Amino acid sequence: MEYKADFLVIGTGIAGLSFALKTAKYGKVAIVTKKNIMESNTSLAQGGIATVCKSSGDSFELHIQDTLASGDGLCNPKTVEIVVNGGPKHIRELIELGVKFSRKDDINPLDNNEVFDLGREGGHSRKRIFHSHDMTGMEIEKVLTDHVKNHKNIRIYENHIAVDLITYSTRLKRGSIITTHEDYCCGAYVLDINQKKVKTFSAGITLLATGGAGKAYLYTSNPDIATGDGIAMGYRAGAAVANLEFVQFHPTCLYHPQAKNFLISEAVRGEGGVLIDDSGKRFMPKYDKNADLACRDVVARAIDNELKTSGSDSVYLDISHKKSSFIKKRFPNLDKKCLTFGIDMAKEPIPVVPAAHYMCGGVLTDIHGRTNINRLYAIGETACTGLHGANRLASNSLLEAAVFADKAAKQATLEIKNINASIPTTPNWDETGTTDSDEVIMVTHNWDEIRRFMWNYVGIVRSDKRLERAQRRIEIIQKEIKEYYWGFKVTSDLIELRNIAVTAELIIKCAAFRKESRGLHYNIKYKQRDDKFWRKDTVLRKPYIG
Ligand code: SIN
C-alpha cells in the first residue's frame, strides 16, 4: 500500500514539527514518528534557547564570538551568523504560537519586572537563555504538537518507524560510460509497528529530523528514541555525513542507580552551582579561568580526570547555598525529581557524572538544510549545518532547529512546485524469503556490546589503540546484523540496532581519522589542536556503485 504526501517529515522534535507547520500551508504533510509524537530529544531539553536580548547588554557579535570560540575553529561563520541573527525572530514566533518563557517575576516575585528571565550556561559571556523554568523543551513540544494535531493538511503516523529512504538515480552517460549521476529521494519505507507491515511513503520532499544518537553510548542523557536513525538512513542512501567524532558529553547527569538518563541542567551552574569533589573541594578553577562555566568539553574532561585520578564514582554539583524558595521556582522539575531519589538539592550536593548528550556532526547540509541527495533535507540534531563546529555552545541547538526549519521550509516549498509530476512509481517493500525472527538475543546482545565499547573506547578521552579495538568490534557486529537483517522480517528493535551500529561505525571512523585534539575530540596521542592539517570537516560518504 502506498501513502502519498508532498512533504514527508521523519521525526517530531522542534525541527520536524516546525518544518511541518510551515510547509503545511503549501501542501499535504505526513509525519512519521516511531513512538508517540511527544517522545523526542526536544521534550527533555531543560536549559532553553540562546538568543540575544539587546536590552540586557548583549549583542549579536558577542553571541557569534561565543559560538565560534566553543566550536574551536570548525564552525562555518556564515551559518553562525544566520542562526544567531535569527534568534529574536524565532523567539517571537514561538511566543506567538503560545510558548510561555519564564519572566523575572515568575522566578522572583519581588522583582516587579515584566521582562524575560534570561539564564546563563557554560561558554556564554552574557545571560541570554530564554527558558521555561527547567522544562523549556517540553513547553515548546506541547505547543507545537497542539498546532500540528489541529492542522488539516498534516497527518501524523505514530508508532511508525522509517526503515530506509527510497532513492533513484539519474545516470548521465557519455557514450557507453556513466560519467556522473544524480540521486533523488522520493520517500521512505516505514514499518507500522502495530500492524507489523512495511508501508511505502512517497513524497516530493523528505525531511530527516530524527534527533541524535546518544543511545550509542552506555550512559546518555538522551531518551530511548535517540538511535541515530536519520544519520544512518541518510548515509545508507548516499548522503554525506560529517564531524561525527564530535560527540558532546554533558558534564552533569544525576548519578543514582535508579535514575535513568536524568540530566541536571547546566543552568544550575549558570545560577551559581559549583562542582566539588568527595571532600567538598571545588576543582574547576584549576582547569579553566571560567571555572564551572567553562565550555562543556573542558568541564566533562575535567570531571573524567577527577574520577579517574580519585577512583570515585561521581563528583557533586552544589547549589545548596541558594534559598530553597528560589530553587523551587527556578528548577521545579529538577527539585522534584531529585527529591524522588532522596536528594534535596536545596540542602545537599547532587552526585553527578558526564553522559553522552549531543551529536555535533550529522548529515551534511547547506544553509537551506539541503543534503547532497536531491529532495532530501536534514535539520536539527540529525544535521551538520556548520553551526556547532567541534563543540556546540549550550542552548544553541533549539535555536538552530527553529532557524533551519524555517529556512528548509522556505526552500522546500519553492522546490515542491516543480516536483510532483516527476515522482517515479516506487516499488513496494519485498520481504520474500524472510521469516519471523527466532533469535531476539542477537539484537539485545549486540546493542549492549556496542554501547559498552563506545563508552570505554570512543568516549571522552580516546587513543588510537582504543579506536582500533572499537573498529574491530563494530566490523564483526555489522557483519552479524547484515546476515540477520536479510534473513528475518524487520522489527523496530532490529531497525534501531542496525541504525545505532551504522552510526557507531561512522563515529569511530571519523574519530580515527582526526589526528589531533580539538573541541570534543580528545586523543591522548595527539594532545594539541593542529590548524595546519586538521582545520577541516571530517566528511564520509558511501562510494557510488554505478
Ligand atoms: C542543559 O540544560 O544543560 C542542556 C542544555 C543544552 O544541552 O543545550
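These figures come from a predicted structure and were not determined experimentally. Atoms within a ligand are numbered from 1 in the order they appear, just like the ligands themselves. What's counted below: heavy atoms across the whole structure, side chains too, no hydrogens, waters or symmetry copies.
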Listing, residues 313-320 side-chain donor-acceptor contacts under 3.5 Å, not counting sequence neighbours, or none:
from: D318; atom 1: OD1; to: S320; atom 2: N; distance (Å): 3.0
from: D318; atom 1: OD1; to: S320; atom 2: OG; distance (Å): 2.6

Exercise. Does NZ or CZ of K104 lie under 6.0 Å from the centre of the six-membered ring of F116, at an angle within 45° of the ring axis?
Worked result: no
Problem set entry | Row check, F326 ring normal vs K322 NZ/CZ: under 6.0 Å, within 45° | yes
Exercise. With side chains defined as the heavy atoms from C-beta onward, is the minimum distance between R370 and Q411 less than 4.5 Å?
Worked result: yes
For this session: Please check if the distance between the ring centroids of Y358 and H388 is under 6.0 Å.
Result: yes
Problem set entry | Residue shell around ligand 1, heavy atom under 4.0 angstrom | Q46, G47, E121, H250, L263, S265, E266, R296, H357, R392, A394, S395
Problem set entry | Validation row, ring centre Y217 to ring centre F249 under 6.0 Å | yes
